[in-house]
Amino acid sequence: MTEPPGRGTRRRAQTRQRLLDAALAVVADAGLARTSVEAVCERAGYTRGAFYSNFATLDEVVSALFAQQADALLAEVGARLAEPDGTGPGSAGGPADLAALVARVLDVLPRERTWQLVRTEFTAQALRDPAAAAALAAHRAALQARLAVLLTAGAERAGRRLGVPAPEAAQAVVAVHDGFSTPALLAGPEDAATVRRLETDALTGVLLALSSPLDGAAGSDR
């Protein structure tokens, strides 16, 4: 009996996603070194055959998790930057607008303990393993290249122009955000607002340092 068009593709996509979700949970719970194909299959409810029909290795699964996380993050940032809010050339266009835009973007960035555990595990592996280091560097470069486009647009909405290559600005922004990720997750309710304010101030300061006002924008510092 022949499957209707598209059903096999949907089923394969669902299987792949369940394996990714299972791998995310297993690595977060057990650590990368103690994660096995068998453990991922057991968590997902599939056989090894289902695993190997979608992935060649566990490293490929981790790479897919990084790509999926980047897609989700960039989609959230892009959607928030696209919302009409009066920020941009022709509005106030000064540092206060940039800070407000940074705060709005941070509102939608995920703070997920599970993903932070997986990312930390793979980063630790990359510090020991050149192949893992190369894979992590490639993921970060891809993320930063895509983020660079959004940063350029975001700076213009705040009445500013990047003064360094956009990928470099993206690298700086990612570094600051990464630096606050663990403190934000460890902060108790009484400290969460302080961590958030510090990250907003730090990101705003970096972007101000790496940009200048557009010609004719209010709040020019030239």
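We're numbering straight along the sequence, starting at 1.
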Item to complete: Kindly state each residue pair satisfying side-chain hydrogen bond (donor to acceptor under 3.5 Å, both in side chains) with at least one member in residues 70-79, sequence neighbours excluded.
Response: Asp71-Arg146

Discussion item. Checking the side chain of Arg16 only, and the main-chain atoms of Phe55 only, is there a donor and an acceptor separated by less than 3.5 Å?
Written reply: no

Worksheet item: Just by modelled atom types, is the Leu32 backbone N or O under 3.5 Å from a matching donor or acceptor in the Glu121 side chain?
Response: yes

Using the rule that Ile, Leu, Val, Met, Phe, Trp and Tyr join whenever any side-chain heavy atoms are under 4.5 Å apart, tell me whether [X] and [Y] fall into a single cluster.
| X | Y | value |
| --- | --- | --- |
| Leu117 | Val27 | no |
| Val176 | Leu208 | yes |
| Val174 | Leu65 | no |
| Leu203 | Leu147 | yes |
| Val62 | Leu73 | no |

Does the side chain of [Y] come within less than 4.5 Å of [X]'s, by heavy atoms?
| X | Y | value |
| --- | --- | --- |
| Leu24 | Glu112 | no |
| Arg196 | Asp107 | yes |
| Pro213 | Arg160 | yes |

Discussion item. Quick check on Glu42: does its CD atom have over 12 non-hydrogen neighbours (other residues, nucleotides or ligands) under 6.0 Å away?
Written reply: no

Donor-acceptor list for residues 46-53 side chains, cut-off 3.5 Å, not counting sequence neighbours:
{"unit_1": "Tyr46", "atom_1": "OH", "unit_2": "Arg18", "atom_2": "NH1", "d": "3.2"}
{"unit_1": "Thr47", "atom_1": "OG1", "unit_2": "Gly49", "atom_2": "N", "d": "3.3"}
{"unit_1": "Thr47", "atom_1": "OG1", "unit_2": "Ala50", "atom_2": "N", "d": "3.3"}
{"unit_1": "Arg48", "atom_1": "NH1", "unit_2": "Glu38", "atom_2": "OE2", "d": "2.1"}
{"unit_1": "Ser53", "atom_1": "OG", "unit_2": "Gly49", "atom_2": "O", "d": "3.4"}
{"unit_1": "Ser53", "atom_1": "OG", "unit_2": "Ala50", "atom_2": "O", "d": "2.8"}

Under 3.5 Å, side-chain donor or acceptor atoms of residues 125-139 against the rest of the protein: list the pairs with distances, not counting sequence neighbours.
{"unit_1": "Arg128", "atom_1": "NH1", "unit_2": "Ala124", "atom_2": "O", "d": "3.3"}
{"unit_1": "Asp129", "atom_1": "OD1", "unit_2": "Ala131", "atom_2": "N", "d": "3.0"}
{"unit_1": "His139", "atom_1": "NE2", "unit_2": "Ser63", "atom_2": "OG", "d": "3.4"}

Worksheet item: So Arg104 and Leu101, side-chain contact (heavy atoms from CB on, under 4.5 Å) or not? Walk me through it.
Response: CA-CA 5 Å; Arg104 292 184 64 225; Leu101 194 59; 4.1 Å; yes

Discussion item. Restricting to side chain to side chain contact (heavy atoms under 4.5 Å, CB included), what partner residues turn up for Val149, sequence neighbours left out?
Written reply: none

Can you tell me how far apart [atom1] ([X]) and [atom2] ([Y]) are? Round to the nearest 0.5 Å.
| X | Y | atom1 | atom2 | value |
| --- | --- | --- | --- | --- |
| Gln171 | Gln144 | CD | CD | 5.0 Å |
| Leu106 | Arg197 | CG | CZ | 13.5 Å |
| Leu74 | Gln69 | CG | CD | 10.0 Å |
| Asp21 | Gln17 | CG | CD | 4.5 Å |
| Leu20 | Asn54 | CG | CG | 8.5 Å |

Specify the closest pair of heavy atoms between [X] and [Y], including all atoms of both residues, with the distance to one decimal.
| X | Y | answer |
| --- | --- | --- |
| Leu19 | Ala44 | CD2-CB, 3.9 Å |
| Ala99 | Thr204 | CA-OG1, 3.5 Å |
| Ala169 | Leu210 | CA-CD1, 4.0 Å |
| Ala172 | Val206 | CB-CG1, 3.9 Å |
| Thr35 | Leu58 | O-CD1, 3.4 Å |

Using distance only, find each side-chain donor-acceptor pair of residues 180-193 under 3.5 Å and give its atom names and separation, not counting sequence neighbours.
{"unit_1": "Ser181", "atom_1": "OG", "unit_2": "Arg111", "atom_2": "NH1", "d": "3.4"}
{"unit_1": "Ser181", "atom_1": "OG", "unit_2": "His177", "atom_2": "O", "d": "3.0"}
{"unit_1": "Thr182", "atom_1": "OG1", "unit_2": "Gln116", "atom_2": "NE2", "d": "2.9"}

Discussion item. Show me the pairs that pass ring-ring contact (aromatic ring centres under 6.0 Å, His included) and involve residues 98-131, at least two apart or across chains.
Written reply: Phe66-Trp115, Phe66-Phe122

Worksheet item: How far apart are the C-alpha atoms of Val61 and Val37, what are their side-chain angles, what is the distance that settles it, and do they pass the side-chain contact (heavy atoms from CB on, under 4.5 Å) test?
Response: CA-CA 10 Å; Val61 174; Val37 171; over 6 Å; no

